[in-house]
Every structure is written in structure tokens, then in C-alpha cells.
**Q** 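Dropping a structure here in C-alpha cells format, bear with me for questions.
Remember, it's a predicted structure, so these values are computed and weren't measured experimentally. Numbers restart at 1 for each chain; the letters A, B, ... are given by sequence-line order, proteins then strands.
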Amino acid sequence: MNKDTLLRWYRTMMRIRIFEETVNEKFLAGEIPGFVHLYIGEEAVATAVCSLLEESDYITSTHRGHGHTIAKGADVKRMMAELYGKRTGYCKGKGGSMHIADFGVGMLGANGVVGGGINLAAGAALASQLLGNGRIAVSFFGDGASNRGTFHEGLNLASVWRLPVVFVCENNQWSSTTPYRESTSVEDIAVRAAAYSMPGAVADGNDIFDVYEKAAQMTQRAREGGGPSLLEAKTYRIKGHFVGDPEKYRKREEVMEQLDRNDPIKRFVERVLEEGLLTSEDLTRIDHETLEEVSSAVAFAKESPFPEPTEAYEDLFVEAGAQ
Amino acid sequence: MAVKQYIEAIRDALFEEMRRDERVFVLGEDVGVRGGVFRVTDGLYAEFGEYRALDFPLTESAIVGVAIGAAAAGMVPIAEIQFADFIMPAVNQIISEAAKFHYRSNGDWNCPIVIRAPYGGGIHGALYHSQSVEALFTHVPGLKIVTPATPYDAKGLLKAAIRDPDPVLFFEHKKLYRSIKAEVPEGDYTVPIGRAAVVREGTDLTVISYGYTLHLALEAAGELAKQGFEAEVLDLRTLRPLDESAILAAARKTGKVLIVHEDNKVCGVGAEVSAMIAEHALFDLDAPIRRLAGPEVPAMPFSPTLEKAYMLTAQKVYDAMLELARF
């Protein structure tokens, strides 16, 4: 792996981590309204997969979408402003955390409905196939979504039409407050790929090198016209289902043990330093730059105006006045 | 001008739009090789191939989901729901995704999809092949709902729907497919979404309807003229957005309003039309607003006697019109 890629990975993972730690803090301080679902502990998945994509490729995301959005190249300033409900945000304050999208970087939307993005990704992949433009699509979703109809619909038809799409199931062990083993018929969700005649693989979702290696085979297959694949990235949701979740359904020790042993950023840092791939100066520099970047995003969000009340009635249809 | 069936007018619109713009494609169950169960898409497969007349797995949520995704990525999809009754699994995609795309992005993106669905009863389809589902969607801001009653409007409104940058639900009354024929101009024209049309002039009472029951109202109006009462008949054509100025003008013109639809009455389109008139034109009325609609039962029953009891007829519309005219 070349040094530029490693630096880019680290910057993306830290950008997600610091963005979300900041969001957590600002939410608890009462500055950010609504519901916020954090991706902390799962950063390696979005980072590795999106590093295999072009800007023109598509992704769909989930209610836990900050990581995917950042990894696909969205601007943290506009994201933060959206979380603050400001008019400079991606949705001018109409969306909030769960609904950020940026078509300009191929990010077709976080989604408040579990499994809602799977068929959208299949549709984007179908368009790429029809238009012959060589783009591929990636759908990120969780273990919970793999039990929904849209998962089975999307994988089936993507297989039938050999669509250029990679399905990435982030198995973070928890479907909201229910352990995935209590709600899912298989130990490895990846085995469901066999039912749809496509390759399936399990990756250690907290080892960015492993995710990258397995996802690379799948994105390559999609680009070469080989059709879809299913990647299950086994990871762990460090935070509650949402910020403020009392988490009475799991033991604190379980979380602390994961944080200590399995934090994807910590594992990355240990490996690159041990193998001499990066220096601690490289990492510290990125830490500072990212802290600065997120803190100016917060300042930008705070300074930005709220939307005018009349804007609630705008943008219903493309042609104004059609409502 | 050629005389065309309602179904032929819809098919012509599909052919012409797919020839005009190669991004336009049709997807749905049996729409390709088979040409659709009602044969609306017959011939598309032969001319445009399997990718633009795309036979889909039997999964409506994915038909609409894929259409939305394809639209986001540059295509202009026309999704066919085989029977409007089957649209329920796709409600999430329609209401939670399509209707909100433009709004949530402040106009950065839009969702140029058309969802075509045959609706309505009277063909012995019974519970799951007869429903009028339009009112479920007319409640939703962000959607446009179109229900043409004539071949001319069917072709012109479908073309307008395909070219519309926003999501349009296009409901085709299946009883009209082959029972209604009329002159349709050759070549290209559109009918604007959001405009009602006065289809019969009169001064004694106003009947407001759409779809199949519009034809019952016209037939009844012809009979009523023999009694000396002339009815103004307004075809809504678009159910969302409603054409408020046309509705209010038609109500004020006669001061007596009867709203007729096959869908059941409670919270149906007639309720909204009635409220609109009450809010804006109450003091121009000479009689209470009347509504004639399908009964408050959850499905169209199968037995011919039961189905007949459910369906409106020209006689039922005539009786309601006569009573109002004499008020």
C-alpha cells in the first residue's frame, strides 16, 4: 500500500472520528437538535470502500451516514451546518443528520428508513449499465437491513441483470437494541450471497487493510461487468443506537473491551507505526489539521443563519408555484 | 385526426416519448416480452429492446426504488405497477423517497419518474384488482397525481408527466382502456398537469368528477337535459395539485355542486374539493354540496350482484343530479 493511500485513509478515518466526537459533544450540549446516530468504531469500512471509488461512482447510505458521506468526499462544513439546522447545510436545514446527500460527489443520500437505499443503488447501477458510463454503485447498510425485503429484492435483481453494484453490509452486531444473532438466521450474513448467485465474503471490518483487499475484488468485478457482490464487514457499534441511548441492553465492559482491543483507528496506527509505513509526525500533523477543520466547521455552522420560516414552503417541485 | 382507444393513446405516448428521448425507459412486471397484462406496453420490447422495456421481478418496492435510483443517475423511468392495488409495497419508496427528493435537497436534485397504474373496478377483479387508491396519495405534498378520462388527455398528460421533472403518479382507469374511443391528434402535444377541463357547459348545476365516473356524469347530463336541466361538467384530470380556480369558477357558475367518484367518500378527493368550495365560495352556493361516491366498505366484492351494487352507474348519477337540480 503506498504512503499516499495510507495518509488518505488516516485522514478520512480521523475526519469521521473527530467530526462525530464533536457532534456527540455538541448534541449533548444542546446545540444540535434531533436524532443523531454515530458511526464511531466503524470508520474503516466506509474509508476503505470509498477509497476504491471515483467521485462519479454512487453510494447509498443509512441513518448512520456521516462516515459514508465524509468518505465519499462531502464537505464537513456543509454537513455540520446541516446538523445544526442552518441554511448553509446540504439540505438547507430541511434534512438534518439522517438525510444528508450530495449528488455532486455521488452520495445519493443517507436514509431514515432501514434498507431504503439498497434498491436505489441497484437503480443507479442499472442507469450506469444503460448509459454505458462505466460507473459503479455501492450500497452501505446494516445487519438489520439484511433481514428486510428490500435486501432480498435488490440482491436478486442485481444478480439477474449483473448490475455493477457492491452491497456492503456493515454488521455492527446491533440492530438498534437487539443483538443481530437474535434477529438473523445466519451467523455470517455474507452466506446469503449464495442464494443470489453472487460472491460473498466476510471482512474484518475493523481492519482497514482487510476491508480494502476484499472490497477491491468486488469493485473490480463490478467495473469489469462481472456483476454484483456482497461484502459483510464485521464491526462493532461503539456508541449507542443514537446519542442519548441509555444502552441498558448491553454491558459497559463489552464496549470497553471492543474499544480497547478493536478500535479500527488504533489498530491502523499500531500497524503503520510498527511496520514503519508512516511516522508519528505524519499522524500528528493530520490530527491537528483535522481538529482545525472540524472546529472551523462548527464555527461555520454556528455563524450560519437559520432558514427563513418561508423556506419551509419552498422546493416542493422543480417548477415553482406548482404546489 | 385518428380515432383511438384510451389504451392506444397511452401506448402512443410511450412510443413517442421513448423515440424522442433515449433516457426514457419502462420497467415493471411483464412489461417487456408480454407487453403488459393489459397490453399497454405492447410493441415496446420489439422496438426498443429488453433494456428499455424491462421485465422486472415481482417486487413493487424494488420497481419504484430502482426507478428512483435510475432517475437520480440520469434516466427517465416509467414504472408500471401492474394493478394499482399492488402499489402498497412501494408506498414507502413513493412517499418517503420520491416525494421528498426535491424538498430535502433544496432543489439540487429532482426525481423525474412516472408511476403508471391501472385502477378502478367493474371488470370482476374483486378485492385486489379493483381498488381506487388515488386518495391515499393525494394527501402527500411532493407528488403529482393524474387521472385522465379521455384518450386525448391520456396521451397529452402522459407526455407531460414523462417530461415533468417531479414524480407523477399516473392512474389509468382500467374500464376505460378499450371502452372509450375518441379523436386524438397525430404527433406531439401535451396537456398541462394541474388543469381541470370543462367538458360540458350548463347553468343549472355543476358535476365535478374524474376518470370513469366522468363518463357516467356526461351520460346522465344528456338524459337530464331532457328534463330541462343543463349540467356543467368539470373533469378534474389532475387530483394533485387541484385546479382551484377552475373548481371555484364551476361551482360559482351554477351554485349547485355534485362531486362524483368511484373511490369511497370519506377523506376522498371529493372531501377536499368540497372543503375548497366551502372555504372560498360558500356564499355563492344555492344548495348544500353533494357527494356521490363508492360505499364505505374495504374492498370491491366479487359477485356480479355485489360488484354492481358497489359501482356507480349513469342511473345513480342521474338520480343524484336530478335531486340536486330540483333543490
**Q** Are the side chains of A:Trp161 and B:Leu54 in touch, meaning some heavy atoms are under 4.5 Å apart?
**A** yes
**Q** Heavy-atom cut-off 4.5 Å, strictly under: side chain, backbone, both or neither for A:Phe103 against chain B?
**A** both
**Q** Should we count OH of B:Tyr189 as having more than 12 external heavy atoms under 6.0 Å?
**A** yes
**Q** With rounding to the nearest 0.5 Å, note down the distance linking OG1 in A:Thr150 to CG in B:Asn92.
**A** 8.5 Å
**Q** Where does A:Ile100 contact chain B at under 4.5 Å (heavy atoms): side chain, backbone, both or neither?
**A** backbone
**Q** Answer with side chain, backbone, both or neither: which region of B:Phe56 has an atom nearer than 4.5 Å to a non-hydrogen atom of chain A?
**A** both
**Q** Hey, what do you get for CG (B:Asn110) to CD (A:Glu319), rounding to the nearest 0.5 Å?
**A** 10.5 Å
**Q** Within the 4.5 Å heavy-atom criterion, are A:Leu120 and B:Gln93 side-chain neighbours or not?
**A** yes
**Q** Where on B:Leu242 is there a heavy atom nearer than 4.5 Å to chain A: the side chain, the backbone, both, or neither?
**A** neither
**Q** Could you tell me which non-hydrogen atom of A:Ala101 sits nearest to which non-hydrogen atom of B:Arg104, and how far apart they are?
**A** CB-NH2, 4.2 Å
**Q** Enter the distance from A:Cys91:SG to B:Lys100:NZ here, rounded to the nearest 0.5 Å.
**A** 13.5 Å
**Q** Kindly check if the number of other-residue, nucleotide or ligand heavy atoms within 6.0 Å of CZ (B:Phe15) is above 12?
**A** yes
**Q** Could you tell me if B:Glu97 and A:Asn111 have a donor-acceptor pair between their side chains, going purely by distance under 3.5 Å?
**A** yes
**Q** Find the distance between CG (B:Asn106) and CD (A:Glu311) and round it off to the nearest 0.5 Å.
**A** 7.0 Å
**Q** Report yes if some heavy atom in the side chain of A:Glu153 is under 4.5 Å from a heavy atom in the side chain of B:Ser61; otherwise report no.
**A** yes
**Q** Taking atom CZ of A:Phe317 and atom CD1 of B:Ile193, what is their separation to the nearest 0.5 Å?
**A** 9.0 Å
**Q** Judged by atom type as modelled, is there a donor-acceptor pair below 3.5 Å linking the side chain of B:Tyr103 to the main-chain atoms of A:Ala312?
**A** yes
**Q** Does atom CZ of A:Arg223 have more than 12 heavy-atom neighbours from other groups under 6.0 Å away?
**A** yes
**Q** Count the heavy atoms belonging to other residues, nucleotides or ligands that lie under 6.0 Å from CD of B:Glu22, then report whether that count exceeds 12.
**A** no
**Q** Tell me, side chain or backbone of A:Asn133 under 4.5 Å from chain B's heavy atoms, or both, or neither?
**A** neither
**Q** Taking B:His102 for its side chain and A:Leu316 for its backbone only, find out whether a donor-acceptor pair lies under 3.5 Å.
**A** no
**Q** Between B:Ala73 and A:Leu131, what is the shortest heavy-atom contact and its length?
**A** O-CD1, 3.5 Å
**Q** How close do B:Ala62 and A:Leu157 get, heavy atom to heavy atom, and via which atoms?
**A** CB-CD2, 3.7 Å
**Q** Does any non-hydrogen side-chain atom of A:Asp102 lie less than 4.5 Å from one of B:Trp109?
**A** no
**Q** Could you state the interatomic distance from NE2 (A:His99) to OG (B:Ser105), rounded to the nearest 0.5 Å?
**A** 13.0 Å
**Q** Taking atom CZ of B:Arg163 as the centre, does the number of heavy atoms from other residues, nucleotides or ligands within less than 6.0 Å exceed 12?
**A** yes
